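To find a chain, count down the sequence lines: A is the first, B the second, and so on, and within it residues start at 1. We use all heavy atoms of the structure for the numbers below, so side chains are in, but hydrogens, waters and symmetry mates are not. No experiment lies behind these values; they were computed from the predicted model shown.
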Amino acid sequence: MKPFDYVRPATVAEAVAAGAQPGAAYLAAGTNLLDLMKGGVSRPDRLVDVTRLEGLDRIECLADGSVRIGALVRNADLAHDAEFAKSYPAVAEALLSGASAQLRNAATVGGNLLQRTRCAYFYDTASRCNKREAGSGCDARAGENRTHAVLGWSESCIATHPSDFCVPLVALDAIVEIEGRNGRREIALDELHRLPGDTPERESALEPGDLIVAVRLPAAARGFATHARYLKVRERTSYAFAVVSAAAALQVKNGKVTEARLALGGVAAKPWRARAAEDVLKGVAPDAAAFQEAARRALADAKPSGDNAFKIELGRRIVVRALTLAAAGTPARMPALPASPFASISGAIHV
Amino acid sequence: MSELSLTSAPAHLRHGSNIGQPLTRRDGILKVRGQATYAADNHPPGMLFAVMAVSSIARGRVTSLDVAAAKRHPGVVEIMTSSHKPQLAIDPEIKTNPFVFRMEVLQSDEVRYPNQPIAVVIAETLEAATEGAALLAPRYETLPARVGLDAGESFVPPVVGVGNPTENRRGDVEAGLVAADKRIEVTYETPPQYHNAMEPHAIVAAWDGDNLSIDMPTQGLFLSRARVAELFGMAPEKIHIRSPFLGGGFGSKGLMAGPQVLGIMAAKLVAKPVKLVLRREQMYGPVGHRAPTRQRLRVGTDGEGRLTALDHHARTVSSTFDDFYEPAADASHTLYASPAIRTSHDAVRVDTGTPLFMRAPGEATGSIALESAIDEMAWAWGIDPLAFRLRNYAEVEPITGRPFSSKALRACYEQGAARFGWAKRSLQPRQMRDDAGLLVGWGMGTATFPALMFQAEARAAIRRDGTGAMEIGAHDMGQGAWTALAQIAADGLGLDVDRVAFKAGTSDLPDAGIAGGSAHTATAGAAIHNAGAAVIAKLADLATGDERSPLFGAGNAGVIARDGKLLRRDDESRGESYADILARAGLGEVEARGTGAPNPAAMEEYAMHAHGAVFAEVKVDPDLGQIRVSRMVGAFAAGRIVNPHLVKSQLFGGMIWGMSFALHEEAITDRRSGRIMNANLGEYHIPVNADVPPLDVITVEEHDPHVNALGIKGVGEIGITGSAGAVANAVWHATGVRVRRFPIKIEELLTQR
């Protein structure tokens, strides 16, 4: 591994100063970064270890009814926080469907947002990858790409964002709090990840030194607690990235949908909010026809980037199912095998 | 020999107090406590770390390496390249025997597959060696890679597997097809797969003058030692290999591989002990894999649904520089009676590391295709798949006409089907749903694996204190040899297992042969059994020839050994302890050797196979196509079961592997570069706990007087066969979609709803 400096700042301000240096990378749990470094995909000169920063590991309910999740909160701790899981069940379900128990115990909220694509050509340093090395080309485009993007991709890059957590977050209008060289700012999570366009090497709206310090879910997001699900189709029952996933959240009054939220995972370089689909659900009965129409709208702009046309049809079916599950109501307890088509709400809890 | 039974030779008369007992593995506590020392756990003083640089291209030549940059890196000690390395005594391209495969040990600049070693960096730390390897920044002259089953002109290899004929015929297949009432012609594909043992290949090599000490996981201590000896031009006795534990081998650790030879060369170059451990992705190249296959089956049946012809052709690949051909079609030799059978193979050469034995080589790939085709034919007739198999039950080995040494397959079918509840299966597919609306499918497959034996020797001793010793260079890959062989040793010596010092796992012990072919327990067990008999016979001679002994005059055939005593066969109240016999004789111990080997006469006369029947239930989401196996039952007849506990675990492991074959495993190869794009355990999928359903294993009683004196057939590989097909057939039964390319993928099942 390339030798690197290791610094452990005492304050967020020190971290930002250190992180703004060329060649610096923030280190939290390292569940993704260390693999990238071992593979020579990332070769930072300096690791800025943010794990000891004070105050970033809290889950706080704010006066306005929103919840603020510190960037260093562990995925498992967040998912198993009873109050959080009750208020944002789809987020908890998504968290528990990701990775393995060991990884969830280590991985952090901030790191999850910034995890890199699982595109094999990005990881394989012998392959051309515009994301890894700007302008080098994309070997995925004509390569082994059955799991690649069907939405928002470009000729430069067909990679997907692999996060489960981000999918319900973006559906629920999560806000990202960022500390940077010019102080603190906030952006919608939907604005954090960029589509590739001609510059797939620029993956997010973050500038050098920017440190995600928290994610906030607005008060309104609680309103979906009784009708919110995450559904993830994968190639084995656990410990696999989504082929396609969806988060669906509804508010239903008097037999009509009053609010709908829908986002897809595994289909694009960012968690994909499907606003057009949400629009058609508003004011209609939560029935199969409405869900089919929402699915059609959600994938209307989708096109295959390779051997992955099936993901478009699969995406539609997942949307219908996720909405159906959401309409049926959030289960009283977290299913065994969260987010799985094989989720069962009876029997032992094992995630 | 074929008449030999355990009770007909009095010296062997035992009460079987050890064999047959479900002992827990004797090395289990060591492993749980982290005290079992695997090869890479060794750190001799002064040890350096070696890391391989491997090729990123599939074919061409290395034109430059930045050795200077790597050398400048702090901690780097040496760079071994094709122009700077210890000389070997023989060219590694020379195949000195059929079990020698060509390896890349920096003999040239040529690159013949991705992940081929092209240099070795030796450093004071693993990190420095790793970075040194990255700094070499190789440049290449690249030629187009040849990838896949259609990469070039096909040819018919001279043999497949280990010396199997490429083609076998019995009867007239074409006539059988013409005469058939129903015919199907179906083609199945299986992907390249990699062994992926949990423990990567590793070596710690230390030279002491012209002696060489090696810590290395191996399934073949003596083949490895012989290979090292010839490569380094030294006497085998100067080489000491320790391999007490393996974290899985599955065939990839059977023979000396290039990377391990590089570790020895590196130690020689720097004159210090060196450790070399493969990174996970480096295991996708120089240490073997299971080649992909495309198998065409043509099956004909008469008006009663009996086979008239079975034609099984398999296309596979080998490397461009060596020969190993997955003998997939041979799976059709043994299971189903047909007056006409033809099996044949052809191959193309691709830019890959040479394929090799991988758990059930040929049997696994061939089984999933054959069992699928049989299922398809059963459906063509509208007959229950089990009834169809019974209708075509082979009373003699179909390809040879030889009788079976034993075959309890009918009992396997019966007991497995009963336990599973097979009788309630709907004949039509896509008829069954569970409470949650998931599609439910039931499928089955027949399991088969040959009962093989190799050559082995063991040394037995009985000591003055009444304890015994048994020594054999046997291998525990995790299957439980430390326990099962000790049980056989205990019975061989007429002692409780705790009174026997059992030694294994090092090359200074007698040669146990290779731990492969599901033959290790039978082969090493036979040697142990015979060594035990021989040492008991010596002890009996001492006693029966001594007039002071209560056994005097009994004749050694009139004595039996039990619980540390020799007893008169005609009067068991008269006997003498081992300790007393040795004390009176003034001896510290008696020792003897025994060998285990196949019996050529019996092999000529009989077909020897283990059999089984596997039943699987899968659930499939009708809209989303995701599959989950929900239960499996396997009933296996594999001769004598030495340790039911360990055997069950072996069969579980095989069944899980079979499920993995049907649903998960695939090395994804870039069609242009030949590089494997999922060379890691995150994305090369094998089942995780949540994929493994409740498994039920039945061991069906089977007595085989012909396979070997102990009646052991072996259980290491059979669990895969049958299981893969059972899962694939269950997916069809659940969905009505017949998928013929494995592993079965979600998109294949989205065609219906």
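Heavy atoms of Val244(A) lying under 4.5 Å from chain B are absent altogether. Contact annotation for Ser100(A): neither backbone nor side-chain heavy atoms come within less than 4.5 Å of a heavy atom of chain B. Contact of Ile668(B) with chain A is made through the side chain alone, with heavy-atom distances under 4.5 Å. At a 4.5 Å heavy-atom cutoff, Tyr123(A) makes no contact with chain B through either its backbone or its side chain. At a 4.5 Å heavy-atom cutoff, the contact between Leu681(B) and chain A is made by backbone atoms alone. For Arg43(A), the part lying under 4.5 angstrom from a heavy atom of chain B is the side chain only. For Arg321(A), the part lying near chain B is the side chain, with the backbone staying farther off; criterion is any non-hydrogen pair under 4.5 Å. Both the backbone and the side chain of Asp670(B) come within contact range of chain A, judged by heavy atoms closer than 4.5 Å. In this structure, chain B has heavy atoms under 4.5 Å from both the backbone and the side chain of Ala142(A).
Here the closest heavy-atom approach between residue Pro341(A) and residue Asp621(B) is recorded as CB-OD2, 3.5 Å. The shortest heavy-atom contact between His685(B) and Ala240(A) is CE1-CB, 3.9 Å. Shortest non-hydrogen contact noted between Ala690(B) and Leu337(A) is CB-CD2, 4.0 Å.
Contact annotation: the side chain of Leu624(B) approaches that of Leu231(A) to within less than 4.5 Å [non-hydrogen atoms, C-beta and beyond]. Between Glu235(A) and Leu663(B) the shortest side-chain heavy-atom distance does not fall below 4.5 Å. Considering only heavy atoms from C-beta on, Leu750(B) comes within 4.5 Å of Arg317(A) through its side chain. Counting heavy atoms from C-beta outward, Pro3(A) and Glu131(B) have side chains that approach closer than 4.5 Å.
For chain A, the option among Asn689(B), Ile686(B), Val51(B) with the highest count of heavy-atom pairs below 4.5 Å is Ile686(B). Note: Gln626(B) leads His664(B), Gln626(B), Arg675(B) in heavy-atom pairs under 4.5 Å with chain A. Taking chain A as the reference chain and counting heavy-atom pairs below 4.5 Å, the highest number among Ser630(B), Pro743(B), Gly682(B) is found for Gly682(B). Of all the listed residues (Ala126(A), Ala99(A), Ala309(A)), the one sharing the greatest number of non-hydrogen pairs under 4.5 Å with chain B is Ala126(A). Counting heavy-atom pairs closer than 4.5 Å to chain B, the top-ranked of the candidates Asn308(A), Ile318(A), Val233(A), Asp35(A) is Val233(A).
Distance CD1/Ile746(B) to CZ/Arg234(A): 10.0 Å, rounded to 0.5 Å. Separation of atoms OG (Ser673(B)) and CZ (Arg128(A)) is listed at 11.0 Å; rounding is to 0.5 Å. Of the inter-residue distances, the one linking Glu144(A) atom CD with Glu666(B) atom CD reads 9.0 Å to the nearest 0.5 angstrom. Rounding to the nearest 0.5 Å gives a distance of 11.0 Å between CG of Leu749(B) and CG of Leu314(A).
Ion pairing between Arg146(A) and Glu747(B) holds under the 4.0 Å rule for side-chain N and carboxylate O. A salt bridge links Asp307(A) with Arg671(B): the distance from a Lys NZ or Arg NE/NH1/NH2 to an Asp or Glu carboxylate oxygen falls below 4.0 Å. Salt bridge absent: Lys38(A) and Glu281(B) never bring a charged side-chain N and a carboxylate O closer than 4.0 Å.
Around CZ of Arg433(B), the count of heavy atoms belonging to other residues, nucleotides or ligands within 6.0 Å exceeds 12.
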Run the side chain to side chain contact (heavy atoms under 4.5 Å, CB included) check on Arg672(B) and Asp139(A) step by step: do they pass? CA-CA 10 Å; Arg672(B) 301 151 303 176; Asp139(A) 275 340; 4.0 Å; yes

Derivation of the side chain to side chain contact (heavy atoms under 4.5 Å, CB included) call for Arg628(B) and Ser340(A): CA-CA 11 Å; Arg628(B) 192 179 190 209; Ser340(A) 170; over 6 Å; no

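In this structure, the side chain of Asp691(B) engages the main chain of Thr237(A) through a donor-acceptor pair within 3.5 Å.
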